[in-house]
Amino acid sequence: MTTIVLKDVTKSFKDHPIINGVNLTIEGNACTALVGPSGCGKSTLLRLICGLEEPTTGEIYVDGSCVNRLPPVARGIAMVFQSYALYPHMTVFDNMAFALKIAGCSKTDIARRVQHAAKTLKVDHLLDRTPKQLSGGQRQRVAIGRAIVRHPKAFLFDEPLSNLDAALRLQMRYELARLKAELNTTMVYVTHDQGEAMTLADTIVIMREGAIEQQGTPLELYRSPKNLFVASFIGSPTMNFLHAIIVAWQDDQHLNIRLRSGETLVVQVPYEALKWKESLLEEGSELTVGIRPENLTEASSRRKQAGTHLKGRVSLVENLGHEAYVYVSLPVGEHVKVRLTGNCNYAIGRDISLFLRSEDCHIFDSNGEAMRGLKEIPLC
Amino acid sequence: MQQHSSLSKTAWLFMTPCLLVLFVVAAWPLLRTFMLSLTNARLEDITHAQWIGSANFRDLFVDAEWWGAVTNTLLFAAFSVPCEAILGLMIALVLHKTFKGRGLLRAAVLVPWAIPTIVSARMWGWMLHDVYGIINELLVRLGAIAAPLPWTASPTLSFVTIVLVDVWKTTPFMALLLLAGLQALPQDCFEAALVDGVSRKRIFFRITMPLLRPTLIIALIFRTLDALRVFDLVYILSSGDSNTETMSIYARRHFVDYANVGYGSAAAVCLFFVVALVTVFYINMGRRNILGDA
Amino acid sequence: MTVFLGLCCAAFATHATAAVLKMTCRAKGQELTLCKQAVQQWEKKTGHTVEIVSLPQSSSESFALTQQQLSAHASDVDVYQVDTTWVSFLSTHAVPLDAHFSAQELAAHFPVILQNNTVNGTLIVAPWYADVDMLFYRKDLLEKYGESPPTSWEDLLRIAQKIQENERASGHVRLWGYIFRGKAYEGLTCHVVEWIESFGGTLWPLDTDRVIQAFAFCARLIPTTSPMGVLSYTEEEVRGVFQLGDAVFAHNWPYMWTLTQSEESPVKGKVGITVLPQGQLHGKPASVLGGWGLCVSRYSNHQEAAIDLVRWLTRSEEQHRRALQASYCPTIHALYQDPVLCAAHPFFVHVARALETVVLRPAGAFGRSYSQVSASIANVTQKVLLKAITPEAAAQKLDQDMKTLHKRVTETPATQRATGQ
């Protein structure tokens with residue numbers, strides 16, 4: 001069970017800061033995903049952990065010992081590259097066996113390990129081929145196999161699925177999940193696809209511009225994003241954001257707010273916890289209300305329930321067969337996207353009324369920080 | 001079907017000017033040389049040459065000086081090409097790294113190759129002069145040699161000198177070719193190797209070299225062909241003796257100095273075949289790697 | 001109107017007759033400058049223009065170039081500067097010049113030079129300057145060690161060795177005793193003929209005993225008194241070493257004199273010239289007839305103008321100027337009594353002496369094969385100098401080679417055609 005700890009790690013290339021003071025603990029035997037937009041530094045962080053780059057300041061610990069000065073192999077870490085990085089002139093067998101040969105393992109040992117890994121990854125019939133003769137998916141499996149045979153303390157994956165086409169990507173995602181369960185080793189997985197992260201990772205670390213925005217389980221990030229960035233990053237399709245202002249504090253726990261379109265709603269917000277940001281909590285302060293498309297419904301079916309109604313016009317309908325996404329433009333120039341089950345045959349321009357519950361709303365102050373998380377949503 | 005034939009007709013049409021030029025510049029002179037080698041043509045009287053069949057070739061093959069020239073040429077190629085390849089590789093590896101002033105160094109490395117051979121050979125002849133040459137002066141002062149050496153006059157030393165000057169001149173060419181090859185290598189392989197724990201030395205021999213092989217073979221082909229045809233360097237630097245005479249110089253000597261066009265052509269034809277043979281050998285050897293897994 | 005037309009015609013006529021000639025000229029030492037100066041005077045006088053093409057340093061290379069031009073019957077070049085040994089080759093390509101020189105003018109030259117430049121009774125090369133190898137020596141060093149200029153090769157070796165050893169001991173480590181043109185080219189062939197003749201032998205037909213004697217002398221040269229580097233020396237390298245003061249004796253053409261006496265020369269005022277030494281006992285001082293002349297190409301489009309140029313360049317006044325300015329030896333024997341020249345170049349009296357007893361290279365006997373013979377002689381000699389073969393074996397090989405090549409000369413129809421014309 002290997003833990004990796006990063007302490008105050010920064011990295012700059014020629015005075016260009018890439019990583020700004022990251023403190024991170026990667027739990028053992030679990031998959032931690034590093035997610036973020038392009039350029040946020042997730043790949044750099046991975047390379048720092050691997051040992052291909054040295055941190056400008058800060059320390060990296062693997063299993064309690066500082067590994068700053070150690071080369072990659074001494075850290076007991078294996079990496080799967082985005083471009084697979086297979087040795088073009090060697091066969092699949094040799095590619096997977098190379099590291100073991102260097103380490104001085106016996107021939108039988110090597111053969112056994114390689115066969116086992118090849119079987120696990122279903123590439124055992126390709127052992128005599130060279131990378132040129134393999135398809136993208138096959139190459140990726142060989143790359144993973146090359147990492148597996150070393151029985152490393154931790155696996156690092158650098159966007160391993162981004163070079164594959166959509167169908168293959170989904171298939172491989174399933175395979176990786178299966179592999180993860182079988183290997184039960186520490187994994188660090190870098191991706192820009194939040195869907196991958198949500199399905200594969202035990203912990204997700206969201207990064208932006210070299211710093212960690214939020215770290216937590218997928219469900220935590222989904223339910224309780226700390227700020228607007230995380231909220232907009234997690235969840236597909238993206239969360240809807242509406243402008244609002246504070247009307248008044250009803251009491252310690254409840255806040256009266258009014259949306260730009262005029263509707264009001266009461267949300268449960270713990271004043272005590274937010275007292276220190278008093279200036280942001282005055283009447284008239286601006287807020288952002290976030291509501292996920294899946295939490296919006298058509299008003300007609302919910303007329304009797306307690307909640308807020310939004311009136312708007314249909315501007316676009318995306319029918320996906322089993323569900324539909326309807327873009328609704330609200331009177332004050334805002335737009336929301338709503339997810340409806342089944343087929344939707346609304347014409348563009350049709351009036352539509354949407355229903356939302358205050359329990360489903362995410363409230364962000366004028367700095368973009370969340371004022372509360374969501375309560376437990378009951379199982380369906 | 002019709003489209004295919006009209007496409008191929010157009011292709012031939014486009015190729016014709018190029019083929020014409022090649023014929024005039026390369027094929028025709030070559031054919032002419034073949035023809036002349038079977039006659040007793042002399043420089044002042046080429047039109048009245050008489051057909052003598054393979055007599056020139058028979059005379060050539062019994063001439064000890066010819067075989068001496070062949071040996072010299074082969075030895076020259078055998079020594080200079082590997083030296084240039086190894087030195088070129090070392091320089092290419094250095095230039096492949098990023099460091100301050102790399103751009104300047106890359107340009108500086110090209111200087112020997114850029115200077116015309118005639119000029120640099122004269123320059124070296126001057127510097128290597130046994131009495132007033134600067135090389136001898138430096139070596140004596142440094143205590144490396146006791147007395148000035150006759151670099152271009154001594155039979156044994158002149159061969160070494162010519163190889164050294166050729167290495168000086170051509171290593172940049174090899175270095176640049178190999179550098180281009182190095183830069184085209186997939187870089188992620190090397191990172192994977194680092195992660196796999198491969199030492200730098202092993203990375204070089206087990207990964208870099210096999211991947212560089214196609215480029216290396218091409219570079220070697222070019223250089224070997226040039227080395228077999230070497231003329232200007234030897235002509236200027238040597239003392240005219242038979243120790244450093246190469247096939248080209250032998251051919252020229254008979255063709256121009258002795259005005260014996262037929263015989264000289266025969267020597268030139270033999271040189272052509274030697275070079276062609278070596279080319280074929282190299283291409284076959286490197287075929288598998290240049291074309292990938294054939 | 002008529003006057004105007006007349007003027008136009010005249011202008012057109014003069015313009016029409018103004019020719020552009022091309023001439024080859026050597027660029028060794030000061031030759032090119034001297035040539036250009038004389039040519040400019042002629043241009044002013046006649047209104048023609050002359051383009052000068054410079055020739056390579058080595059005589060063998062110049063011959064290769066000239067041979068190619070003339071064999072191709074090219075009309076590019078009108079006047080060629082030619083060496084003494086090229087005459088038999090030129091017989092089919094050069095315009096006969098007898099008719100354009102008066103008997104008086106011809107008689108002024110040394111007979112041996114005229115003889116060399118004549119083929120089948122016709123003069124085809126106008127003599128321009130003579131070259132005879134001389135022995136240059138360091139007056140100051142000979143005085144210092146109480147020696148006088150040697151008259152035999154044995155003497156020369158003795159003096160050279162003595163001075164070399166002593167001077168090196170006192171710090172002048174680069175000094176060599178005797179340097180000469182040892183590269184395998186025509187220049188070395190000249191030396192070989194001189195050495196052989198100075199021992200009383202002849203090269204063709206081969207006088208075996210004397211040749212062996214001469215070769216035995218050669219074998220002693222390297223590295224006792226001569227550096228191995230001489231094997232790559234031509235005229236300019238010999239001059240370079242001697243002018244820097246690193247040689248006691250130098251065996252070279254007289255052109256070296258003016259340059260070693262120039263302002264920048266480290267040996268200015270320290271140089272003496274004399275005739276070459278003789279071999280022991282049977283010999284005589286022997287210098288090979290060198291020198292260059294001018295010929296007019298048969299394929300030239302301006303033969304008349306070219307002949308006029310040749311007459312201008314080879315006349316007595318021009319030879320006098322070249323001799324005075326750059327010590328190029330005249331071919332006209334009257335000039336050797338000229339007081340101005342003798343005052344400027346006292347060594348001319350030695351040159352005159354050498355010209356009286358000059359020897360010829362066997363170029364005539366071998367005709368077109370001469371370059372091959374010359375190459376063979378030079379190569380064998382280099383081997384002797386390197387002590388790679390014995391003098392006896394060398395003499396034998398030389399004999400064989402020359403006989404084989406001479407056979408070819410007498411047998412090929414091409415030669416008959418050339419000499420029979």
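Below, chain A is the first sequence line, B the second, and so on; all start at residue 1.
- Using a 4.5 Å cut-off between heavy atoms, A/R47 touches chain B through its side chain atoms alone.
- The environment of B/F222 atom CZ is sparse: at most 12 non-hydrogen atoms of other residues, nucleotides or ligands sit within 6.0 angstrom.
- A distance of 11.0 Å separates CG in B/L194 from CE in A/M79, rounded to the nearest 0.5 Å.
- The structure places CD of B/Q187 at 11.5 Å from CZ of A/F81, a figure rounded to the nearest 0.5 Å.
- For CD of A/E175, the number of neighbouring non-hydrogen atoms (other residues, nucleotides, ligands) closer than 6.0 Å is greater than 12.
- Considering only heavy atoms from C-beta on, A/H89 stays 4.5 Å or farther from B/R213 through its side chain.
- Nearest heavy-atom pair, A/R150 versus B/V195, reported as atom, atom and distance to 0.1 Å: NH1-O, 3.0 Å.
- Interface remark: A/I77 contributes backbone atoms only to the contact with chain B (heavy atom separation under 4.5 Å).
- Counting only heavy atoms from C-beta outward, the side chains of B/R206 and A/Y87 never approach each other to under 4.5 Å.
- For A/K7, the NZ atom counts as loosely surrounded, since its 6.0 Å shell holds 12 or fewer non-hydrogen atoms of other residues, nucleotides or ligands.
- With chain B as partner, the option from A/A99, A/A147, A/P152 having the largest number of non-hydrogen pairs under 4.5 angstrom is A/A99.
- Heavy atoms from other residues, nucleotides or ligands lying under 6.0 Å from NE2 of A/H116 number 12 at most.
- Counting non-hydrogen atoms of other residues, nucleotides and ligands closer than 6.0 Å to CZ of A/F13 gives a total above 12.
- Contacts of A/L100 with chain B are absent, with no heavy-atom separation under 4.5 Å from either backbone or side chain.
- Taking the side chain as every heavy atom from C-beta outward, B/L211 and A/P88 approach each other to under 4.5 Å.
- Closest of all the heavy-atom pairs between B/G197 and A/V73 is CA-CB, 3.3 Å.
- Dense packing is recorded around CZ of B/F159, with more than 12 heavy atoms of other residues, nucleotides or ligands lying under 6.0 Å away.
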